[in-house]
Each structure stands twice: as C-alpha cells, then as structure tokens.
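Atoms within a ligand are numbered from 1 in the order they appear, just like the ligands themselves.
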Amino acid sequence: MPRDFAGLLRGASLRVTRPRVAVLSAVHDHPHADTDTIIGRARADLGEVSHQAVYDVLRALTTAGLVRCIQPRGSVARYEARVGDNHHHLVCRSCGEIADVDCAVGETPCLTAAEDHGFRIDEAEVVYWGLCSACSTPPANGRNTRV
Ligand SMILES: [Zn+2]
Ligand SMILES: [Zn+2]
C-alpha cells in the first residue's frame, strides 16, 4: 500500500527530507525492525547514509510521534509505525520474534490501573513473554535442543 510519507512528515511539522522519507518508509515496511535493519533499508534507498544520520532521523520521528520505539528486556531498540493505538507485544524468549497484540477494541482496560496514585494515565506498556510457535515446536529429529 503506497503511503504519503511526505504528508505524514508535514502533518507532524517536520521538514520533508529524503532520509526522513526513507527511514519512515523502512519502518512502515518492517514493523519492529532494529536500527541495523533500518539503516540497511535506508542505504538501499539513498545510497550512503551514516548511522548517525539514521539515528537522528529515528529520534526526530519518535519525538514527533510518527514512530514508536519499543525495547523489550534483553533486546535492542525496535521501531514501528503503528502508533497511538496502545497495542501490546508478544516477545519470544528464545529467538526474539515480536508480534503485535491489539488492545481490546474501543476500550483500554489496561489503562484502568487498580491504583493510579494521582497520575493521569495515558499509556500502558504490556509485554507478553513466551515462546513463538517455531520455538515451541520440538525439532523434527525429536531431540530437545533447548537449553
Ligand atoms: Zn521464537
Ligand atoms: Zn507493534
């Protein structure tokens, strides 16, 4: 699905630059990508672009709310373009695979904390840990290779 990345940038009051469009497009195409993946994609689009330039763009996009950064325990930072819907993540303990989990439609039960201590809560970050289907399926030779 072609997206109007320039329009998204303008809507967030960010100047439209080729690195910003390339990075935003890479994050849209590769949900939960790490920085190295995004740098690789940006280079495929733009030719040579420095790590620092990509980091700077990711920071600007994250600050502007166009990109969300998640960092499950033990993982490098991952970026996604699905923002503002309070969705959660499943993370595989073994291979690090990440999948999206929707919040209940139209409701945000996880935002109703048992005790809010006077905070006005607008976000809940829930990570479900487990094994993905590939990692929880025993290998074909029947031997359990998990440690
Ligand atoms: Zn796995
Ligand atoms: Zn996600």
Contact flag His88/the Zn ion (ligand 2), N/O/S atoms, threshold under 2.8 Å: no

The Zn ion (ligand 2): angle it makes with NE2 (His89) and OD1 (Asp100), nearest 10 degrees: 100°

SG (Cys135) - the Zn ion (ligand 1) - SG (Cys92) angle, nearest 10°: 110°

Metal site angle (apex the Zn ion (ligand 1)), SG from Cys95 and SG from Cys132, 10 degrees: 110°

Lys/Arg N to Asp/Glu carboxylate O, Arg10 vs Asp4, below 4.0 Å: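 No, Arg10 and Asp4 are not salt-bridged.
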
Joint hydrophobic cluster, Val16 plus Leu24, side-chain heavy atoms closer than 4.5 Å: yes

Atom of Glu80 closest to the Zn ion (ligand 2), considering N, O or S atoms: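 So the atom name we want here is OE1.
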
Pair Val67-Val23, side-chain contact (heavy atoms from CB on, under 4.5 Å): steps then yes or no: CA-CA 10 Å; Val67 162; Val23 169; over 6 Å; no

Euclidean distance, Thr35 OG1 relative to Tyr79 OH, rounded to 0.5 Å: 4.5 Å

Point-to-point distance, once rounded to the nearest 0.5 Å, from CG of Leu58 to OG1 of Thr63: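 Those atoms lie 10.5 Å apart.
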
